[in-house]
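All chains are named by letter (A, B, ...) in the order of the sequence lines, taking the proteins before the strands, and each is independently numbered beginning at 1.
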Amino acid sequence: MAQKPSIPKGTRDFAPSEVQKRNYIFDIVRKRFETFGFQPIETPSFENSETLMGKYGDEGDRLIFKILNSGDFLSKVDEGTYEAKNFSLITPRISEKALRYDLTVPFARYVVMHQNEIDFPFKRYQIQPVWRADRPQKGRFREFYQCDADVVGANSLLQEVELVQLYDAVFTDLKLEGVTIKLNNRKILSGIAEVIGAQDLLIDFTVALDKLDKIGVDGVKKEMKERGLTDEAISKVEPLFHLSGSNIEQLNALDTLLKESEIGSKGVDELRFIIESVADSGLKSAILSIDVTLARGLNYYTGAILEVAAPSGVKMGSIGGGGRYDDLTGIFGLKDVSGVGISFGLDRIYLVLEELGLFPEAIDQSLQVLCLNFGEKESLRALKLINQLRDAGIKADIYPSDTKIQKQFKYANNRNVPYVILIGEQELENGEFVVKNMTQGSQETHLLSNPDNFIQSLQLN
RNA sequence: GUGGUUGUAGCUCAGCUGGUUAGAGCGCUUGAUUGUGGUUCAAGAGGUCGCCGGUUCGAACCCGGUCUUCCACCCCA
């Protein structure tokens, strides 16, 4: 070993117990997706560059991992382009494929390609890794999993209501209580921009507004001014900074503020419908809260905007997000197909569950029973018993070599095995096996000819 | 992409203004215990001080570069 091996920045290895915990989250999310009627699809880990480029804004393009062409890719670049040393000109000539940046755009591509085979409305879910050439931080990786559920071909706001309930159902099943589902609407943001006379500065206006909880009222005002909003416009937005109270109170305030904007009023109506419908059936553990400062994914969201914040006290970026996009497939030539979807950030949810100690205790119990090895004759008989246990669905194994019993016990202890079986010379002679309960230290003897009582006691757990 | 931060034993971390042989706890190995772990006691193994270069009589420590970690921007799950 000349030098220590390493893995690329922002990537991770997963140890057995980590994989178990990740699968625990996957299983709950997948089960919930399916009980809500979503069907699974998968798409390639890399796409043609033109499928991805330009779909996430300039910032997004920068963060897309490009794949170098195979072979002598430089020979295909003409001298002029090469000499110009212009990054954006050369890139498309030497890279024609790129790693998936999210699951939504590949899904839109999928819908367009398979539109004749799909029965609309189409509810699909997808759990796959995505890659971003971002600078890593806590809970921010260059390779991470997204778990997406989207509905295409249904305009009804009932979908938004269902997606809020889906978030609630998943986080309830994960025992993660007190997550906040923040809700906003692109139309409301457009309406506000209209009312204050800053339609052209919608993005600048919302990006600044989005920072309210981070940099405060004065910081936002300053940034808005820097981004070109007039003092008059800023003073008109003032009421938004102090929007508080219940969801209904906020809705009423927005109603007043936006009564002169057609699009804004429509946004308020939509928001009201979702809020009231969700309230009607209630949420099990999540909190639904209007947040007009929420302004993510503006490049394609057209209606509802959703974001999930971890329970207060946990320092973590959003653990989920989503929204309504009226024309996502339009960029691939299929018009008038509305979509709405949500995404779960598995890797961040993992960190939150870990921090709060919410994983089930027995999750890294990879073995229920370990049989110690006392030698060839004993271990061959033990293997028969172990196979009986395995056929009964019990995770059972036999120590492969007859090293010192002390060492074998220590191994069982380190692996968190709750039951150890001993079949030594004496037991073999008597046709018995001894079961040691590792948590209590107690031992009991069973007949090799009748392991059923022991098997049943394990299955009860 | 910009600015900052971190890296010492398998793990968590000490290590003074640069000074000789770099330490602790946990873990590991061996023994007390030839059929009993998790407790205890004793002994032992384990380190190119992230990597490359520079300054110096002398570098874990100072300087430059690079990789990595985390943080703030940007953006985002």
Which value, in whole Å, describes the distance between the C1' atoms of nucleotides B/rG46 and B/rU30?
14 Å
Do any N or O atoms of the protein come closer than 3.5 Å to N or O atoms of nucleotides 26-31 of chain B, and which pairs are they?
| unit_1 | atom_1 | unit_2 | atom_2 | d |
| --- | --- | --- | --- | --- |
| B/rG31 | OP2 | A/K404 | NZ | 2.7 |

Looking only at side-chain atoms of [X], point me to the closest of [options].
X	options	answer
A/P136	B/rC75, B/rC70, B/rG37	B/rC70
A/F144	B/rG37, B/rA77, B/rA72	B/rA77
A/S318	B/rA77, B/rG35, B/rU36	B/rA77
A/F141	B/rG38, B/rU36, B/rA77	B/rA77
A/Q426	B/rC71, B/rU36, B/rG35	B/rG35

Can the ring centroids of A/F33 and A/Y125 be said to lie less than 6.0 angstrom from one another?
yes
Solution key, residues 428-437 of chain A side-chain donor-acceptor pairs under 3.5 Å, sequence neighbours excluded:
| unit_1 | atom_1 | unit_2 | atom_2 | d |
| --- | --- | --- | --- | --- |
| A/N437 | OD1 | A/T439 | N | 3.0 |
| A/N437 | OD1 | A/T439 | OG1 | 2.7 |
| A/N437 | OD1 | A/Q440 | N | 3.0 |

Please convert RNA chain B into dot-bracket. A pair counts if it is Watson-Crick or G-U wobble with both distances under 3.5 Å; crossing pairs go in [ ] and bases paired with another strand get |.
((((..(..((((.....[...)))).(((((.......))))).....(((((..]....))))))..))))....
Looking at [N], does its base get a donor-acceptor pair with the side chain of [X] below 3.5 Å?
X	N	answer
A/Q443	B/rU36	yes
A/N413	B/rG37	yes
A/R415	B/rG37	no
A/R135	B/rU69	no

Check whether any side-chain N or O of A/K9 sits under 4.0 Å from OP1 or OP2 of B/rU68, and answer yes or no.
yes
Among A/Y145, A/Y167, A/F26, A/Y350, which residue meets the ring-ring contact (aromatic ring centres under 6.0 Å, His included) test with A/F344?
A/Y167
Charged N-O contact under 4.0 Å between A/R62 and A/E59:
yes
Check A/K55 with A/E47, please: is the shortest side-chain N to carboxylate O separation under 4.0 Å?
no
